[in-house]
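As the structure is a prediction and not an experimental result, all values here were calculated from the model. As a basis for the values below, the full set of heavy atoms in this structure was taken, side chains included, without hydrogen atoms, waters or symmetry mates.
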Amino acid sequence: MIVSSVDRFLMDRRRAIGLGLGLAATAVCLSGTHAAAKSNGFATAMDFDGAFDPKRAEHNTLAFCKLMSDTRDGEESCGYFKGQVLAYVGPEKRLEPLFGYEGFGMTRTFQIDDYAWRKLHKEVAYYTDLKTGEVIDEWHNPFLDETVKVVHVHNDVVNSTWAPTYSFGVGPSKVSYPFVFPWLVMGDNAVVDFGVNTTHRAVLQPEQWPRESHGETTQVLEAIQLHARLSDLMDPRQTRVQASGSWQRISPWLPWMLMGQEPGHLFYKTITRGMHEGVEGLPQHIREYTQANFPDYFTAPTQWQEPNVSSYEVYEREMKPQPFKR
């Protein structure tokens, strides 16, 4: 989910710089011999020419590719996340957890230019039982006293290009911005802290989807952190760096909850981790459920496809409006 959140972050010009902890003010140098390692015939120095400058778009793309995937052509990487989804129903009640949230994404990159990579990505996310941790296919909605069918997240494709000038497309529309993130660098710790704040016309409109639609407008806030060692990032031998962090999200009720335009919203809180072990390191119940239901999601895409598809569009395509309970 973080990878697709990155795409949304970069689509918002107002949030291209100056968010979260803020950009580090100066380039960060490491002592030692400068290594002018290059990649795949391009002029990309895998050690940032000896000084990581978080204000340079070129350095951001290299660092982000190392954090989120692998700089080597065609190499596949796996990212895992786990947490809970809580409900906010008003100021007089505390947020209550409704279900767990757990899944993974698969990414493959190909370098296409100096400091530029094409990212191919797909992801699944499952809602789980709070007590057992097992994936659920039905959930009893306590607000409605009704058992509903759970619709899990499966996004294919979520593709984009990581380059000093970043471009991203949804359908026929494309945008381009400098690829710059907010960084905090302290000693050997490098942290990226940024957010996504979007408002757009809802895919599911209430006229057609009275129980599923949260209204005519969708508002989503996401907060992402990534943590890594600066020395790992600047090591030219490391084409992929171990990173961990968090992904949080505030969003409307999910369509399958059948809450319609009832007051309230959801709060997702998860931890994230790069899985250098690959899919073999994923929890057994996640591997088993994926094998039974979404086996194609164990591998990243190999071919570029357009357009990208959101979870709401998947719901619109695969589901039908539900009648009101009598």
Do the side chains of Ile271 and Val153 join up, straight or via other hydrophobic residues, at under 4.5 Å, putting them in one cluster? no
How are the rings of Phe294 and Tyr126 set relative to one another: parallel (under 30°), tilted (30 to 60°) or perpendicular (over 60°)? parallel
If you take all heavy atoms of Leu98 and Leu266, which pair is closest and at what distance? CD1-CD2, 3.8 Å
Side-chain donor/acceptor of Lys82 to backbone N/O of Gly100, under 3.5 Å: no
Count the heavy atoms belonging to other residues, nucleotides or ligands that lie under 6.0 Å from CD of Glu96, then report whether that count exceeds 12. yes
Do Val196 and Ile224 touch side chain to side chain, with heavy atoms closer than 4.5 Å? yes
Report the C-alpha distance between Thr239 and Glu75 in whole Å, list the side-chain angles of each, state the deciding distance to 0.1 Å, and finish with yes or no for side chain to side chain donor-acceptor pair (under 3.5 Å). CA-CA 10 Å; Thr239 60; Glu75 288 295 318; over 6 Å; no
Test side chain to side chain donor-acceptor pair (under 3.5 Å) applied to Asn155 and Glu123, step by step: CA-CA 5 Å; Asn155 291 335; Glu123 59 196 12; 3.1 Å; yes
Closest non-hydrogen contact found for Ala116 with Ala163 is CB-CB, 3.7 Å
Considering non-hydrogen atoms only, spot the tightest contact between Phe194 and Pro182 and give its length. CB-CD, 3.8 Å
Assign the ring pair Trp183 / Phe52 to parallel, tilted or perpendicular, where the plane angle (0 to 90°) is split at 30° and 60°. perpendicular
Can you give me the closest heavy-atom contact between Lys66 and Met46, atom names plus distance? NZ-O, 2.9 Å
I would like to know whether Gln225 and Asp193 meet side chain to side chain donor-acceptor pair (under 3.5 Å); could you show each step before the answer? CA-CA 5 Å; Gln225 276 194 4; Asp193 185 307; 2.6 Å; yes
For Asp296 and Lys122, run side-chain contact (heavy atoms from CB on, under 4.5 Å): C-alpha distance rounded to whole Å, both residues' side-chain angles, the deciding distance at 0.1 Å, then the answer. CA-CA 10 Å; Asp296 291 344; Lys122 63 172 64 171; 4.2 Å; yes
Stepwise side-chain contact (heavy atoms from CB on, under 4.5 Å) test for Tyr127 and Trp139: CA-CA 9 Å; Tyr127 298 97; Trp139 176 69; over 6 Å; no
Show your working on side-chain contact (heavy atoms from CB on, under 4.5 Å) between Val241 and Arg229 and close with a plain yes or no. CA-CA 8 Å; Val241 171; Arg229 292 182 178 178; over 6 Å; no
Apply ring-ring contact (aromatic ring centres under 6.0 Å, His included) to Trp209 and Tyr315, showing your working. CA-CA 11 Å; Trp209 302 84; Tyr315 192 97; 5.8 Å; yes
Would you say CD of Gln303 has more than 12 non-hydrogen atoms from neighbouring residues, nucleotides or ligands within 6.0 angstrom? no
Quick one: do Tyr289 and His152 satisfy ring-ring contact (aromatic ring centres under 6.0 Å, His included)? Show the steps, please. CA-CA 11 Å; Tyr289 192 90; His152 300 292; 5.5 Å; yes
When you compare the side chains of Thr107 and His121, does any donor N or O come within less than 3.5 Å of an acceptor on the partner? yes
Separation between CE (Met259) and CZ (Phe143), nearest 0.5 Å, reads 5.5 Å
Any chance you could lay out the side-chain contact (heavy atoms from CB on, under 4.5 Å) test for Gln205 and Arg201, step after step, and finish with the verdict? CA-CA 9 Å; Gln205 289 291 304; Arg201 176 177 168 81; 3.4 Å; yes
Please walk me through it: do Thr218 and His200 pass side chain to side chain donor-acceptor pair (under 3.5 Å)? CA-CA 5 Å; Thr218 296; His200 57 84; 4.5 Å; no
So Asn141 and Leu258, do their side chains get closer than 4.5 Å, heavy atoms only? no
Over 60° means perpendicular and under 30° means parallel, so tell me whether Tyr101 and Tyr268 are parallel, tilted or perpendicular. perpendicular
